[in-house]
Every structure is written in C-alpha cells, then in structure tokens.
Amino acid sequence: MSGYSYPKQLRLLTPRDYSRVFENSQFKVTGPLGVFIATPNELNHPRIGFVIAKKKVRFAVGRNRIKRVIKDCYRLSQHKLPSVDIVFIARPGIGEKENIAITKFCKYSWHKLSEQAKKAAKA
RNA sequence: CAAGUCAGCUGGAUAAUCGCCGCUUUAACUAUCUCGAUAGUUGAAGGGGAGGAAAGUCCGGGCUCCAUAGGGCAGGGUGCCAGGUAACGCCUGGGCGGUGAAAGCCGACGGCCAGUGCAGCAGAGAGUAUACCGCCUAAGCUCAGUAGAGCCGGUAAGGGUGAAAUGGUGCGGUAAGAGCGCACCGCGCAGCUGGUAACAGUCUGCGGCGAUGGUAAACCCCACUCGGAGCAAGACCAAAUAGGAAUCCAUUUGCUGUGGCCCACAGUGGAUUCGGGUAGGUUGCUUGAGCUUUUUGGCGACAAAAAGCCUAGAUGAAUGAUUAUCCUCGACAAAACCCGGCUUAUAGGCUGGCUUGGAAC
RNA sequence: GGCGCGAUAGCAAAAUGGUUAUGCUGCGGAUUGCAAAUCCGCCGAUGCCGGUUCGAUUCCGGCUCGCGCCU
C-alpha cells in the first residue's frame, strides 16, 4: 500500500467490523468534538469507520461533510498510523465547527493513538 | 427617472497539487471452458460526476408483484365551461364573482324551488317566520251621547337584538299601513339572439316578489373518476437450518392467500420427480412521455417534422482538502427506481413586457 | 428511501361546530398543638400559519416536532 489513496481496504465496511471495535476498544482519544476508539487488527494497515447520529448532526449534508474532512485527514496521514481499526463517534456541536478545527483535532488524535499503540506493543 | 406588477435567466470565477465514485480504451497476471472469449486482481491513459428546488411526500403516471385488474357493495377523490396531456387535484384560453387608481392578482366557483339536520347567547320573533315597544281606531259592540274611553281588532312604516329578521327609492293610496297600485332599479320564469359551451344581452313577454332565507370544507343528491401495495417492489446466484418444493391427477365444506366485504380466482389431498433459500452477493439502475436548435400548425398550454447530442448511478453511500489571485465575499440547501406537476425554503445579480406618476425634448 | 400514526395545564387524560371537563403535582388558604388525610381557591394564546363558518380543539389545506413499521 503506497501513496495517499483511500480505497475500500482502508475502511470498516460490515457491522461485524464495527461491533469488534466496540466490544474490545483498547485505545481511546476523547475530545470536545468526538471520540476515537480503536483496537489492533491483523492487517498491515489501519481502517476507519464513522458513527454520526442523526440527533448529533441534523442533516445528511453536515454528516457527510464531517466524514469527508476526517477521511481526508486520515488519508494524508495513514502511514503514520499503526495497524488498528478506528471508529469515530461524533458529539453534539461538531456540526457547527469549522473544517480547520476538525482537522486539528484529528491530527492530535492520530498522535495520541500512535503513542497508545506503541505502549501496548511494548507491553 | 421613480413606484408597482408580470415573465424569464443565473445561483461565485480561474489555476495548481493530493484524493473520492462510475464509464470507455488498453497492458500484465490468474481462473474457466465450447480455445477466443468471459470473469476477477493490479497498472496506465482519456473523459464524466448533485438541484432549482435534488426537499415535503401533497397529487398524477411509468415500472414491478399480487389474477389479465373482472362484476357488485362500501369507501375515497374531483367539482363554472372548453381545450392540452401518458395522466392529474396540473397547465392554457374563456366565463362569472371579489379586490386594486391601473397593469394585474385572488377564488373547493355543481345542487338547500329531492329528503334529513343545524343556528349557543341576545332578541317579540331564527322558519308552514314573528308582534315586545310602537302606529291606528275607519267598520262592529259597550259607556258617553259634542269630545273621548274601553272591547273586538288592523298593521309591520319606525325603534331595539343578532352573523343573519324575506327587495330598494320615489309618488299615489290609507284610519294607520303594507307591491295594495304605479314609475325606475333589482330579482325570477319563458322565449329570442350571440357563443362549441360556461354565460351574456339598452331584446320580447309574463310574474308583485312571504315566490326561491342561510348552511353541502353538515349528512346527502348529481356528474366524472379511483383495484391494492410499493425498488426495503420484484428477479437471479447461493454457506447454514427447518422439512418441504415443483409437475400431473382429483377438487365438496372449511381454512389460507391480494384492499374493507361479497362474487370470482389461486392453494390444500394423492402419485411422480428433486431441490429448498437464511447470512452474503448480483441485478433492478439509468436511452428517457430525454435534451438542444430550426421549421410548421395553434390566441395559448401544446403538438408534429428534421438535424444533432448522451448528460451521476453510489450501497457505511462519491464533489472534498490545501494554496494563490479576483469580486458584489457566495442564500436555501446534497441524487438513492424514474418522470410530469403542486407546495414550502432561498443572499445577491441580470434581462424583457405592461401600468401609473413626474421631468425633458 | 418508502409507508403509517400523533401533538390539549408541569404530568396523565376527556370533550355533537356553541364558556376546554377531570385526576395527580405545585402554590395560597381553612382545619390541627404540629403533620397526614380532608375541604376551598389559583396556574392554560388546545404545536404553528392560513381557509370554510356568525362561531373551529373539532371541518379543510400548508408547515414544525415526536413516535412506530418495512432491510
């Protein structure tokens, strides 16, 4: 896997993948905009999925925007991340935030996740 | 120029880099066999990628399944007339009514002279209308015997109540009054004329008008119209699990199946054969009542013909991020089977027609 | 995405087109030595905007919000 593309291998696709992350969420990064939870996988690359409830962000346009922004940030920094399955859970209020704020939060979260994964690997 | 009004168009632009989703062409590898095709994976190149409302799901249609959508009842919808259309509750033209100074805009705009019902409070009276305050005392009776008072009555002009009280104005008439009579206006019926029709009329005749009050987004009547469900419809490939499924023959009742019911239709029982279809996947899925231009017909909606064009098709679900430049600093808002409408939301900009007012020539 | 329901006081829940019942809660008062129970009183633009009607909770449109069903 080279370059900065975003094919389907880098996403969580089935309900089984999601429930696996929820049931054993080893790593967690919390923020005002949302929560990233993650668990290690057997693959050599990370995967990501989204949970954005209709109650948190009212319209489909807004939900898609958040997904796009996080996806883009994830795509550009995929090689820095360990091989984990990540799920993003939105919090209320994220719909009003600027794209830059979401991007900053993502970069911070990737950093944190990598640290947590390194510690877990050593232990 | 200003104000108003109607119709139409537009809905940030340009460039670079990295990405996302289909499509087309092409190369390599793998698998299959009918041996030159099909499918998959990876790479390269090219080109495409949200809206005027994509929205609400309020109507109509296509498409799919249920039976080919058939008969009857029940129920729903529409409602001036004519036309357009695949169809419509939409559109166009016309009529009538309302509104505005006008351009224009708005109108669920059939029928209470078939039947049934409803109208709180107030008020005398709310429907085969009524008589509280009033007005009158001519005729008849009693007292008085000049005036007058009472009885028997007459009346609906005036007051007052109400959302609503059953023609209006004037003159005559009268005891007082009253379409009681007349004139004009209004109304109704019949005819005539014009118009396809709705409807209209300086038309003709008849009717005094308590005929025929209001209410049908009250039941209802009349005319026209509607079968039901919806792409999560449906079709195909198929681990698992349960035992059934298909074909043929028989076919009474009951039960089940499609809308609320009935008719009707299909299934059930026996024999033979072997498939069945949950997870998951594929398909339905975009060439269509399509778009653009021109011509012809029509007042118009629209129709016909010719030429050209192909313009998203996802399935955890695609248009973004970063940077630069410019301006008026960007509203409402994101396809999920597809079309035709309606309704609702919408910053700003542009164009044209019409009306009124002002100024100049 | 499609289909179907609902909205009445803080909560629950009635209501032929004619003054929005009732119960619980809350507040004030009466009662009591103090409380409980009991009695009396108070608190609503019927989700919003229009239309029909003399008059709409009710009838008819359009919005808003909430809930349910179908993979």
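Since the model is a prediction, treat every value here as computed from it, not as a measurement. Numbers restart at 1 for each chain; the letters A, B, ... are given by sequence-line order, proteins then strands.
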- Query: Can B/G89 be described as syn, meaning its chi torsion is within 90° of 0, or is it anti?
  - Reply: anti

- Interatomic spacing from CD1 in A/Ile37 to NZ in A/Lys28 - rounded to 0.5 Å: 7.0 Å

- Whom does B/C187 pair with, Watson-Crick or G-U wobble, provided both distances fall under 3.5 Å? B/G207

- If we take the P atom in both B/U85 and B/G56, what is their distance in whole Å? 33 Å

- Message: For the C1' atoms, the ones on B/U215 and on B/G353, what distance do you get once it is rounded to whole angstrom?
- Response: 46 Å

- Task: Determine the Euclidean distance between corresponding C1' atoms of B/U355 and B/G111; express it in Å to zero decimal places.
- Result: 41 Å

- Could you classify B/A50 for me, syn or anti, using a glycosidic angle within 90° of 0 as syn? syn

- Spacing between A/Ile48 atom CD1 and B/A317 atom P, to the nearest angstrom: 11 Å

- Item | Closest contact, heavy atoms only, A/Val84 versus A/Pro40 | CG1-CA, 3.9 Å

- Can you tell me the distance, in whole Å, between the OH atom of A/Tyr74 and the P atom of B/G19? 15 Å

- When both distances are under 3.5 Å in a Watson-Crick or G-U wobble arrangement, the nucleotide paired with B/U256 is B/A266

- Query: Syn or anti for B/U292, with syn set at within 90° of 0?
  - Reply: anti

- Establish, with yes or no, whether the OP1 or OP2 oxygen of B/U319 is under 4.0 angstrom from a side-chain nitrogen or oxygen of A/Lys71. no

- For B/C222, the Watson-Crick or wobble partner whose two distances fall under 3.5 Å: B/G79

- B/G48 and B/C23: how far apart are their C1' atoms, nearest whole angstrom? 8 Å

- Task: Report the base-pairing partner of C/A12 (Watson-Crick or G-U wobble, both distances below 3.5 angstrom), or none.
- Result: C/U22

- With P as the reference atom in both, quote the distance from B/U328 to B/U323 in angstrom, rounded to an integer. 23 Å

- Message: As a test of understanding, state which of A/Tyr108, A/Trp110, A/Phe27 forms a ring-ring contact (aromatic ring centres under 6.0 Å, His included) with A/Phe36.
- Response: A/Trp110

- Note on the structure: Taking a pair to mean Watson-Crick or G-U wobble geometry with both distances below 3.5 Å, C/C63 pairs with C/G47

- Classify the glycosidic conformation of B/U311 as syn or anti, calling it syn when the angle lies within 90° of 0. syn

- For the atom pair CZ (A/Phe88) and CZ (A/Phe105), what is the distance rounded to the nearest 0.5 Å? 6.0 Å

- Task: Quote, to the nearest angstrom, the P distance that separates B/C337 from B/G316.
- Result: 15 Å

- Message: Checking base pairs now: Watson-Crick or wobble, both atom distances under 3.5 Å. What partners C/C69?
- Response: C/G2

- Could you check how far CZ of A/Phe105 sits from P of B/A321, rounded to whole Å? 19 Å

- Apply side chain to side chain contact (heavy atoms under 4.5 Å, CB included) to A/Gln116 and A/Val29, showing your working. CA-CA 9 Å; A/Gln116 286 183 21; A/Val29 180; 4.3 Å; yes

- Task: Scan every strand shown for a Watson-Crick or G-U wobble partner of B/C171, both distances under 3.5 Å, and answer none if you come up empty.
- Result: B/G181

- C1' gap between B/U283 and B/A314, integer Å: 15 Å

- Note on the structure: Rounded to the nearest 0.5 angstrom, the OG-CD1 distance for A/Ser109 and A/Ile70 is 8.5 Å

- Message: Applying the Watson-Crick and G-U wobble criteria at under 3.5 Å, what pairs with B/U251? Answer none if nothing qualifies.
- Response: none

- Item | Base orientation of B/G22, syn vs anti, 90° cut from 0 | syn

- Item | C1'-based separation of C/G1 from C/G18 [nearest Å] | 46 Å

